[in-house]
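Predicted model, so just to flag it, every value in this text is computed and none were measured.
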Amino acid sequence: MVSVNYYVALSAILFSIGALGVLSRRNTLIVFMSIELMLNAANLAFVAYARTYDTFSGQIFAFFVIAIAAAEVAIGLALVVEIYKSRNNVNIDDVNSLHG
Amino acid sequence: MHLSETMNSGFYYLAPLLVFAPLVGLLINGFFGKYLSEKVVGAIASLASGTTFLVAVLLAHSTALNHGQVVQVPFAAWIHAGGLQLDWTFRVDTLSTTMMLVVSGVGTLIHIYAIGYMHEDVRFKHDEARFSRFFVFLNLFILSMMILVSGDSYLMLFVGWEGVGLCSFLLIGFWYELDLLSLPSWSNSNAAKKAFITSRIGDVGFLIAMFLTFWHFGSLQFDAAFQAAPSVAQVSPGAITAITLFMLLGVAGKSAQIPLYVWLPDAMAGPTPVSALIHAATMVTAGIYLIARSAPVYSLVPQAQYIVALVGAATALFAATIAVGQYDIKKVLAYSTISQLGFMVAAVGSGAFVAGMFHLITHAFFKALLFLSAGSVILGIERGHHTHAHHAEPKGKKKKEEHAEVFDPGDMRNMGGLRKTMPTTFWVYVVGTLALAGIVPFSGFWSKDEILLETSLHYPLIYWLLTAAAFFTAFYMGRQIWLVFFGEPRSDAAKHSQESPPVMTIPLIVLAALSLLGGALNLPFSGFHNLTHWLSSTISGVESLPFNWGVAGMSTLLAVLALVVSWFLYGRNPLKEKQIDPLKKPLGWAFTGMENKWFVDELYRAVVIGPYERLAAFLADAVDWKFWHDFVHDTLIVGGFNGLTKTLLDRNVDQRGIDAFFNSWGAFAEWLSANLRKAQNGFIRTYALATLLGVVLILGYLILK
Amino acid sequence: MTQPTYTDFYTIIPFLILIASACLLLVAELFIPKGRKGVVAFLSALGIAAALGFALTQIGASGVGFSGMTKLDGFSAYANILLLISGLLSIALAYGYIKRIGAERGEYYILLLFSLAGMMLMAQAGDLIVVFIALELLSIPLYVLSAISRKAKAEEAGIKYFLLGAFASGFIVYGTALVFGATGTTNLSAIVAKAADGANLGLLAIGAALILVGLGYKFAAVPFHMWTPDVYEGAPTSVTAFMAAGAKIAGLVALFRVFVTAFQPLAADMTNVFWALSAVTMIVGNLIAVTQTNVKRMLAYSAIAHAGYILMAFVPYGNPQVAATAIAAGLFHLAAYVIANFGSWGVVIALEKAEGKGLEIADYAGLSKKHPALALAMTVFMISLFGFPPTVGMVGKFYLFRSALEGGFPGLAVIGVIMSLVSAFYYLRIVVNMYMKDGDPEAEREPWLNFTIGLTAIATVVLGLIPQYLFLLAYNATLR
Amino acid sequence: MEFLLQPLTLVTFFPLLGVFVIAFINAEKKDAIRWTALITALATLLISFWAFAQFDKTNPNLQLEAKYAWIRVADWNIYYYLAVDGLSILLVLLTTLLSAISILSAWSAVQERVKEFMIFFLLLEVGMTGVFLAQDLFLFYIFWEFTLVPMYFIIGIWGGPRRIYSALKFFLYTMAGSILMLLAIIYLGVQAQNTFNVPELLARLPQLYASGQISPTAQMLLFVAFALSFAIKVPMWPLHSWLPDAHVEAPTAGSVILAGVLLKMGTYGFLRFNIPLFPNATIQAAPWMALLATIGILYGAAVSYAQADIKKLVAYSSVSHLGFVMLGLFALNAEGVSGAILQMVNHGLSTGALFLLIGMVYEQTHTRQFSDYGGLWKAMPIFAVMMLIAVFSSMGLPGLNGFVGEFTILLGAFGSKAIASPWYAGFSTLGVILAAVYLLYLFQKMFLGPDGKVITEHKLKDLNWREIVTMIPLVVFIFWIGLYPKPFFDILAPAVEKLLSALPL
């Protein structure tokens, strides 16, 4: 059986990739995806730990996360569409009229 | 206590009237003076002062009946704080009643004189509304002086002490908008200020002396303090020396001794009755009274006494030399006053308390006489100037800019020959001069002789200094007589001068009589030592010396010699108009020094006043405003703060700023920011970066701790 | 697993009422004609009032519901009451304002109800799962609300808030995963038990830290605060007011709940973290606020600073002797902050004109002459936020400093007082403009708005003079 | 709830009634507002007399207590606790008196926004009275800070050209000091088993000091924290930088209250809190405080002299005068402390009078530069006499109030065991000269000498009846305290003795 540590390490790497993705990508959609990646990294960790502890709660959490992520995406895409309608692009660096 | 019995047997219960009579007078004149005629105002004020004199007489009478016993008349509670328990209590003893009599007696005469003097003075100076104010101040002065002499504690004495200082200030600055002394603007008000501040320097000495007295003797009440003094002297003689010397500083301030005498000549800016009353007869002698009062303390420290005597003697000689070189009639008298005060201080310093007091009394008579006569002279000149100028220039004597030269009615060089136009004044002036010069049998002779005699027994140096001063005294008085009354008039004003009205001349005559006969108070022949006997119940251990022909002969000889010399110089060939003083040539630079008061004022200005003004300006402008206010507050605190917030804000907004911020976080952050820069990051990502940075820091701490 | 009983539901009755009203209104809203959407506001308010009524009855009650998923105790009661009052005030502020800016939609109030429900659930969470769900329930409607006026700035605010919020959610989720990994449970009470029983404390600490990051984002602690000024500025002001109060309460009460209940064993380390967080938050918030010229941004930074102050009380949470007072102080000051917050945003709304004019501090010049009551109220709020007598803000700060000192953190308290001093600059700047400069400001006069401003102003002063009952409530609200 | 009707509560909060009434008067009806404010202030003054009538002069303890458990939750004990003793009763009377006088002085000087002015003024009175009466540190702090707010507005709205800067500076300086005091208060309360009640603290602290729970260092730090707050208020050198700004810019009534009462709050704080609460630290600090006081006396006097602005001169003179008060306080003997308390009152009267008078002439001339003045005596004789009294009172002329205070202070400090050196008092005595220097300069430049610009350019009127009435109470007290201070000392004496007997000297 593969040690849980490998899963956790993988999830940590995925999480980091996601986090750095948020920092480095300019396309709003890709930023979304990076965030999804972070959430899914967490899910991976949850599932892995759930197996270690032999409980369901980890998996349940993962389901909740998936469901909520979907809701978030729905809202997020709506916002992106609004932004696109008004600015004709989805570059988050252009969303900077508010500052200071 | 025996007090109540004694009080019943005399007029002691009247003691508070000493203060309240002038108070009533000044209140009436202060509030209603402008509705009253000049005569009424003057009468009220004189009446107030006269009442005081009457009370003083009654008190003296009671004291005499009680064989000089000290009586304290409590009036009201005063300061009760911790160990300091002082009350308003009047002290009636021989010393204080002596002073009361002198002050209120001379004071009343001067009040009467001033009715006449001020009547004209306010008209010459074009402000008749000020007449009543003058008498308010004059009554206030009598009031303060009475507190001074009747106080039963150092502190009460000090109240009067400063109170007379206030009156002095107000009266010197009476013609505050004019410049009666010299040309510079503000000179009268400057003189007033100078008088007050200089005395205040002395007052600091007095205050410190009082602190020392309180903490060493346990009380500021005279009896309690004197009782404690001998035992303290055993334990800490230094403290007593310090008390006496600090007190001397106070005396120097009030009685115009070296080094604080400089205010008195300037004080002549006040109306002449003021000069007579305050700056000759009474206030300035307060210092002598103080030392006489503190005799039990001074007697404990001979070294300090010697210093006192030395200061007095030095002042006597120094001021006398200056008097020789003065042209203003009042200034001569002012320096003469300083000199005579020096005599008194030297006397009380030498332990000759009675001699000092004696001279104080006679001096009050003849110096008041001289000043009032001088005032009469000045008014006479003013009258002459007025009648003369009335035809020449119809209006505006005061408007300086219209006159190239202001006429100075007090300048002796403008006088001459006045004995013809002002005979009464002339004769009383002569009496005063002879008394001051110390010619037998005028009062000054007896008192001065007693001082010289006492000092000759103890301190030869002091004796010689005083003798020299006595010579100069006679000389400058002779010079004055010749310059003012003899020769030909040196100005139109002098030519048209007129004698003063009786309201002025009668007090002069009274004073002249006193100057002539005042010596009878304490003739140095056995059976006649009246004053000594009288004061001995207050000042213990005073001795009455027999007459000494040697000392008396010496001083008389010198005085006569001086008068003769002055005649040679000024009487034989009277001064002409615009002629230089004949002394100038033979004395050279010395006379220049005398003329210019030995440059002491200039010295003080250079050494004390100037530096203080510069220091104050430096502290105010550079230290307080530029440093504390502008630099520390505005620049450092406010500016630094603004800079900090701006920087923080910039970094929040400005991308390069935030990069720079990260740069300082080490290699990792550098790498991070470099990559971020490469990626052309925008704001949202900056925010995310910040979040991540927080995460990294927190996790870093938790992991690496 | 047992079937849920009435007791389970009782614990979250106010929450349920809100959800139910929201769902009903969602349907009912369809039948309300455009232009009369104000009715929805009243209905929502009615729902909140009902919930508030129940919440008030729950003072003193305690219980655990759904196998420890939800909790009812004094703490949750306090938070619920505070949140529900915030909800009412938010509706009162929004009622006229969103009409004015042309954003009047029925959804506005419904979203607000949902968000409010989420906030309340945060306070009642007994399990990290509930924390996460509640967090999202409160956040997602807020993302929408931020952008609801569909103006460029509002959209920008919405997307910023959303992206960064989701980013932060990621941390919470991952942190929860690690906590789960360390202890095998997500139940708060169980975590403590496991932690004492040989769990991987290092992992637990990292998990806790990540959760802190997520929550810190919600209540705007530095350095997770950067969205705050932009979103506060861009969002419609009524939303900002709601967000500034509700999200901050929710984030902080969740923090209190989670850390005091679950992460007590980590207190030694976390205390230092909180120390630094509190200090940095106070410093940065106050310093940057000084140079703001826009009132909304200034208030945003002020809100950040206040998160720092409240965190200060929380620093000694691990010290059992102090924890109770510490949390009480935090809760008390939250109330103080919320009241002044609504009042001040109310004044901002009153002065805000179409097209975002009237939001500069300079626009407040001369207010005291034109609208003395408004200026006076704003002064009261500024003074309260500043922590000056005779307002409730002063009492609150006093408690906060006391807790920091009692917990043994004088250094932090000193930073706190110094930063209070700094805050005088920007709070007083508004006062200076209102009273000491001349200008011609115009203010909207809407009855509900005026009512809100007046009510909060009076409450600010009255609670400052008679803080006894509020403090009793806060004190009983502590987690024990 | 009976505490609401007790005299001290009424004294403190009665002005609120006036505020309430004024709030409902139309802002245009200026005279109605003025009269309401004046009547309120006078009524408060009467109430304070009524309270004073019930005050037992022989009792050294706190009296007329109005006590109510204000905040009582678990380990919190905060009292609404007002009480008065010999240390504070005079200051309360001074406050109510000066408030009424200031309102009268603002009659014609304040024409803009009269309603707000009077409201702020009455609020200020509430705060000031409260400061002198509060016996619970928390309550004290509330009043202490609260006074800043109305004063801030009074300077900021009705002040001179740099009013906003000055108001902010005033606010921040005072605040900067008091925040540290806040921390010290809390620390003290927490250490002393959660009480902020001063008598209780005094009962518990000795034990805490003895047991070492509050170490000597901690005691010193607490002392410093309190002292900093009070020293800024006093202001002691070198923390005085806010004072000239605030004074110069404040309207007349504001200056009067600022000098007359607000500064006293600082010295009163030392007296009421620093000395009894931290006895050992007090004794340790006494020479240092004396040093600062001495520097302040001389520095303030020197700086005053070099001012070109009349008001600024008087402002700096406060630095000097309050140096005397501080010197007296830290003499820690009956003479010094009694003198210092009396001098607080004296300074309020004489500097208050100076500011009032300057304000009166400023109303006509609109200049405060010495160079514009000169020869005013002739044009305004009554004014001149009033100014003369004020100037000499300030200078400490015997027979007027200033002397009694200064003398006892210097006397006390000279022989003080705590200061342990006569040099401080000795040098401070030089301040007497310097005071004469700058005050006579003031008098001379305004009233003496040739006619100044203000006379040639304005048609100056002498004081009117209202202005004379404003001045009369001050003049009466100036003479009364100067000539017959015994009643005042009698009020102080028992409380001062009690205060000092607790010190380990």
Looking at [options], which makes the most heavy-atom pairs under 4.5 Å with chain C?
{"options": "D:L182, D:L180, D:I142", "answer": "D:I142"}
{"options": "D:R113, D:R163, D:Q191", "answer": "D:R113"}
{"options": "D:V190, D:I185, D:L183, D:I71", "answer": "D:L183"}

message = Please determine whether the number of non-hydrogen atoms from other residues, nucleotides or ligands lying under 6.0 Å from atom CD of C:E442 exceeds 12.
response =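 Not buried by this count: 12 neighbours or fewer within 6.0 Å.
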query = When you look at CZ of C:R445, are more than 12 heavy atoms from neighbouring residues, nucleotides or ligands closer to it than 6.0 Å?
reply =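 Atom CZ in C:R445 is not packed in, count stays at 12 or less.
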key: Heavy-atom pair with the smallest gap, counting every atom of C:Q468 and D:W70   =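 Shortest heavy-atom separation between C:Q468 and D:W70 comes out as OE1-O, 3.2 Å.
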request  = Work out which heavy atom in D:L172 is nearest to a heavy atom in C:A424; give both atom names and the distance.
outcome  =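 In terms of heavy atoms, the two residues are closest at CD2-CB, 3.4 Å.
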Using side-chain heavy atoms (C-beta onward) and a distance below 4.5 Å, is [X] in contact with [Y]?
{"X": "C:E406", "Y": "D:I186", "result": "no"}
{"X": "C:R402", "Y": "D:Y187", "result": "no"}
{"X": "D:W158", "Y": "C:M436", "result": "no"}

Given a strict heavy-atom distance threshold of 4.5 Å, which part of [X] is in contact with chain D: side chain, backbone, both, or neither?
{"X": "C:F398", "value": "both"}
{"X": "C:I383", "value": "side chain"}
{"X": "C:T325", "value": "side chain"}
{"X": "C:L428", "value": "both"}

query = When the aromatic ring centroids of C:F388 and D:Y152 are compared, is their separation below 6.0 Å?
reply =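 They do not qualify: ring centres at least 6.0 Å apart.
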D:I179 and C:F401: CA distance, side-chain angles, deciding distance, side-chain contact (heavy atoms from CB on, under 4.5 Å) verdict = CA-CA 10 Å; D:I179 50 174; C:F401 290 134; over 6 Å; no
ask   = About how many Å separate NZ of C:K369 and CD of D:E116, when rounded to the nearest 0.5 Å?
value =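 The NZ atom of C:K369 is 8.5 Å from CD of D:E116, to the nearest 0.5 Å.
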request  = In sequence, state the C-alpha distance, the side-chain angles, and the governing distance for C:K437 and D:I164, and then conclude on side-chain contact (heavy atoms from CB on, under 4.5 Å).
outcome  = CA-CA 9 Å; C:K437 290 191 174 161; D:I164 293 174; 3.8 Å; yes
ask   = With respect to chain D, which residue among C:S420, C:P410, C:S368 yields the maximal number of heavy-atom pairs within a distance under 4.5 Å?
value =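 Top count of heavy-atom pairs under 4.5 Å with chain D: C:S368.
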task = Begin from the C-alpha positions of D:R72 and C:F471 and carry the test side-chain contact (heavy atoms from CB on, under 4.5 Å) through to its verdict.
result = CA-CA 9 Å; D:R72 272 189 94 80; C:F471 194 66; over 6 Å; no
